[in-house]
Amino acid sequence: MEKVSTLFRKPLAVDEAVARIQEATGRAETETVPLHRANGRVLAMDLVATHDVPAFNKSPYDGFAVRSADLVSASRDEPVTLPVQYVQGAGHVGEPLRAGEAIRIMTGAKIPDGADAVVMLELVQADEQVVTFKRPARDANISYRGEDVAMGTNIVDRGTRINPGVIALLATFGYDQVDVYVKPHITVFATGDELVEPGRKKADGQIYNSNAYMILAQIEELGGTATYGGILPDTFISTKRAIDEALRTSDAIVTTGGVSVGDFDYLPDVYDALGATVLFNKVGMRPGSVTTVAHLEGRLLFGLSGNPSACFVGTELFVGMYMKTLFGQAERPVIQAELGVDFPKPNPFDRFVRGHVTFDSVGQTVVHPSGKDKSGIVSSLATCNTLIHLPGGTRGFQKGDSVRCRIIDRL
Ligand SMILES: Nc1nc2c(c(=O)[nH]1)N[C@H]1C(S)=C(S)[C@@H](COP(=O)(O)OP(=O)(O)OC[C@H]3O[C@@H](n4cnc5c(N)ncnc54)[C@H](O)[C@@H]3O)O[C@H]1N2
Ligand code: MOO
Ligand SMILES: [Mg+2]
């Protein structure tokens, strides 16, 4: 029987390939985790302000709460001295301020009723009984109720990746538990007889398995739980058995290599034998044209290219879309940048060039390839913070052209 992998493959446009993954992916379940475990997770609820912040008018300084009317006449020559009614620390509330008196107040304390200004400690002379002011209270120096956030404001949208700032807001509104999306369990396999695990001795003709570790890290960064299934030898039976087994405990499986038309490229046949529905087996893109994605009973099977750059781009675009769909998240940000080099070669397929965005001396956003631009290249990956998207069907691109850059790491 003819191998499935050698059958004719019709390239699908990248957008269509991504859309098919979106359609085949549901929404992740949700779970509740303690606040201190929520960093890096994806919020499964809209965070709405349940009260004003600050919740009461409060003092931003250590000083004296006064009625500004009492100090209108205060000057260096004719200071005003007021008796100190009491001392109020943060977290405590006291009697209203009486006219003609002052309350010694600390930063964060609620402004007593009757007070309309705070004078900083450094600007007065005070002992336990009285305080002397040498100028009027020109500024109110009050943090007003709701000036930070008004109750009812939608502050953080569902689908947001929780970072330390989101944690701060959750805690501000008293959440000790947070609703987050359950992380998908993704099993990653490398395939290929030439592969040796880092740390082991490698013989002539062998290479270290770099892709699996790269994919595991990419999945973690995208917010998933990645399990490493090891290196699969180039045989149909071992590949099928391992994937079949992993399907029992995984929401998705990612493999790298063995997906093209070679004699030992078994992934297409394994998908066929498992009865999986192939969403596409060729994409109009470089690198990664051989990328094959299938689905089986709600689980996705990502057959990524073995070539390191193609594998990197495939994880970013296709596994990335799977995760974003699960979490109801927006796509990666895309910016326009000025191309720093020529790309004269016409290409029928879209190109995703590993790039590095920088800002020149006049603030112009410029993008350069982060290394050599071939599918098998690994060296361009380390400094890559963007994928330069060069649409296919053009006569090439010139230095200075404005191009779309998908931001995938900090600039
Ligand atoms: N006759 C054709 N040959 C090839 C075609 C084609 O259309 N017709 N496509 C080429 C393209 S494009 C790509 S991309 C590769 C994809 O091949 P596979 O996905 O089947 O991957 P392998 O053949 O297993 O390996 C390719 C390459 O990558 C290295 N590799 C594999 N796994 C790893 C790993 N875990 N870490 C590091 N490097 C890895 C492997 O040693 C090979 O050098 O097919 C072309 N051929
Ligand atoms: O599919 Mo290959 O990665 O285009 O070079
Ligand atoms: Mg191959």
Side-chain angles (χ1 to χ4, degrees), residues 2-14 17 187-200 202-219 226 228-236 238-239 242-243 253-271 278 280-294 301-319 345 347-354 369 371-382 387 389-390 392:
E2 190 178 17
K3 273 181 92 230
V4 173
S5 58
T6 55
L7 298 178
F8 177 71
R9 299 186 182 193
K10 188 171 179 293
L12 196 66
V14 184
T187 305
V188 176
F189 291 105
T191 70
D193 287 349
E194 76 279 29
L195 301 178
V196 176
E197 295 294 15
R200 299 273 172 83
K202 81 179 157 62
D204 196 19
Q206 295 186 315
I207 62 165
Y208 284 123
N209 164 25
S210 57
N211 290 355
Y213 298 97
M214 172 183 76
I215 301 169
L216 291 165
Q218 284 179 287
I219 291 172
Y228 182 39
I231 297 170
L232 304 179
D234 278 326
T235 69
F236 170 81
S238 55
T239 308
I243 291 182
I253 291 176
V254 179
T255 54
T256 171
V259 78
S260 182
V261 295
D263 293 352
F264 306 105
D265 292 336
Y266 286 114
L267 263 303
D269 299 81
V270 167
Y271 295 157
V278 173
F280 53 87
N281 59 13
K282 194 165 178 89
V283 189
M285 65 184 265
R286 289 243 182 274
S289 58
V290 298
T291 307
T292 299
V293 177
L301 299 150
F302 296 90
L304 305 179
S305 161
N307 276 325
S309 283
C311 180
F312 179 83
V313 171
T315 308
E316 166 58 30
L317 293 184
F318 302 120
V319 183
K345 214 172 106 187
N347 202 316
F349 287 170
D350 284 21
R351 286 166 78 168
F352 289 90
V353 181
R354 280 74 59 215
K372 293 172 189 152
D373 180 37
K374 268 187 177 172
S375 176
I377 293 290
V378 71
S379 55
S380 60
L381 299 178
L387 294 181
H389 185 176
L390 303 177

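Remember, it's 1-based here, ligands and their atoms both numbered in the order they're listed.
Side chain of D234 to backbone of D265: no donor-acceptor contact under 3.5 angstrom is found. No donor-acceptor distance shorter than 3.5 angstrom exists from the side chain of S289 to the backbone of R286, with no hydrogens or angles considered. Side-chain N or O atoms of N347 include none that pairs as donor or acceptor with a backbone N or O of G392 at under 3.5 Å. Judged purely by atom type and a 3.5 angstrom limit, T191 has no side-chain atom pairing as donor or acceptor with the backbone of L232.
Heavy-atom contacts from other residues, nucleotides or ligands closer than 6.0 Å to CZ of F264 number 12 or fewer.
What sits closest to atom 31 (C) of ligand 1 on the protein, heavy atoms only, is G306 O, 3.4 Å. Distance from atom 43 (O) of ligand 1 to its nearest protein heavy atom, with residue and atom name: N307 OD1, 4.3 Å. When hydrogens are left out, the protein atom nearest atom 45 (C) of ligand 1 is S260 OG, 4.1 Å; that is the closest non-hydrogen contact. Here the protein heavy atom with the shortest distance to atom 14 (S) of ligand 1 is S305 OG, 3.0 Å. For atom 12 (S) of ligand 1, the closest heavy atom belonging to the protein is S289 OG, 3.9 Å.
Here T239 contributes atom OG1 and Y271 contributes atom OH; the two are 10.5 Å apart, rounded to the nearest 0.5 Å. The line from OG of S380 to NZ of K374 is 12.0 Å long, rounded to the nearest 0.5 Å. Atoms OG1 and CG, from T256 and L304 in turn, are 6.0 Å apart once rounded to the nearest 0.5 Å. In this structure, K282 NZ and L12 CG are separated by 12.0 Å, a value rounded to the nearest 0.5 Å.
The closest non-hydrogen atom to atom 1 (N) of ligand 1, taken over V188, V261, D263, comes from V261. Among Q206, R286, K374, E194, the residue whose heavy atom lies closest to atom 42 (C) of ligand 1 is E194.
With a 4.0 Å cut-off on non-hydrogen atoms, L195 touches ligand 1 through its side chain and not its backbone. Under 4.0 Å from ligand 1, the heavy atoms of D265 that appear belong solely to its side chain.
Below 4.0 Å from some heavy atom of S375 lie the following atoms of ligand 1, by number and element: 14 (S). Near N209, meaning under 4.0 Å from any of its heavy atoms, are these atoms of ligand 1: 34 (C), 35 (N), 36 (N). Residue I207 approaches ligand 1 through these ligand atoms, each under 4.0 Å from one of its heavy atoms: 37 (C), 38 (N), 39 (C), 41 (O). Atoms of ligand 1 found under 4.0 Å from any heavy atom of G257 (numbered from 1 in listed order, with element): 19 (O), 21 (O), 24 (O).
Using a 4.0 Å heavy-atom cutoff, S210 is listed among the residues neighbouring ligand 1.
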Close N/O pairs between ligand 2 and protein, under 3.5 Å:
{"unit_1": "ligand 2", "atom_1": "1 (O)", "unit_2": "G288", "atom_2": "N", "d": "3.1"}
{"unit_1": "ligand 2", "atom_1": "1 (O)", "unit_2": "S289", "atom_2": "N", "d": "2.6"}
{"unit_1": "ligand 2", "atom_1": "1 (O)", "unit_2": "S289", "atom_2": "OG", "d": "3.0"}
{"unit_1": "ligand 2", "atom_1": "1 (O)", "unit_2": "V290", "atom_2": "N", "d": "3.2"}
{"unit_1": "ligand 2", "atom_1": "3 (O)", "unit_2": "G288", "atom_2": "N", "d": "2.5"}
{"unit_1": "ligand 2", "atom_1": "3 (O)", "unit_2": "S375", "atom_2": "OG", "d": "2.7"}
{"unit_1": "ligand 2", "atom_1": "4 (O)", "unit_2": "R286", "atom_2": "NH1", "d": "3.0"}
{"unit_1": "ligand 2", "atom_1": "4 (O)", "unit_2": "G288", "atom_2": "N", "d": "3.1"}
{"unit_1": "ligand 2", "atom_1": "4 (O)", "unit_2": "S289", "atom_2": "N", "d": "3.2"}
{"unit_1": "ligand 2", "atom_1": "4 (O)", "unit_2": "S289", "atom_2": "OG", "d": "3.2"}
{"unit_1": "ligand 2", "atom_1": "5 (O)", "unit_2": "S375", "atom_2": "OG", "d": "2.6"}

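An N or O contact shorter than 3.5 Å links G258 to ligand 1 by distance. The N/O atoms of N211, backbone and side chain alike, include one that comes under 3.5 Å of an N/O atom in ligand 1. In terms of polar-atom proximity, defined here as any N/O pair under 3.5 Å, K282 makes no such contact with ligand 1. For V259, a nitrogen or oxygen atom sits less than 3.5 Å from a nitrogen or oxygen atom of ligand 1, counting backbone and side chain alike. An N or O contact shorter than 3.5 Å is missing between T256 and ligand 1 by distance.
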Query - Chi angles and distances behind the side-chain contact (heavy atoms from CB on, under 4.5 Å) call for M214, C311 - result: CA-CA 9 Å; M214 172 183 76; C311 180; 3.7 Å; yes

Report task. Test ring pair (Phe, Tyr, Trp, His ring centres under 6.0 Å) on F280 and F318 and set out the steps. Result -> CA-CA 11 Å; F280 53 87; F318 302 120; 5.5 Å; yes

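A donor-acceptor contact under 3.5 angstrom links the side chains of E197 and Y213, judged on distance only. Checked by atom type, the side-chain pair T292/N281 shows no donor-acceptor distance below 3.5 Å.
Taking the side chain as every heavy atom from C-beta outward, E316 and Q218 approach each other to under 4.5 Å.
The existence of a salt bridge linking R354 and D373 is confirmed by a sub-4.0 Å separation between a basic side-chain nitrogen and an acidic carboxylate oxygen.
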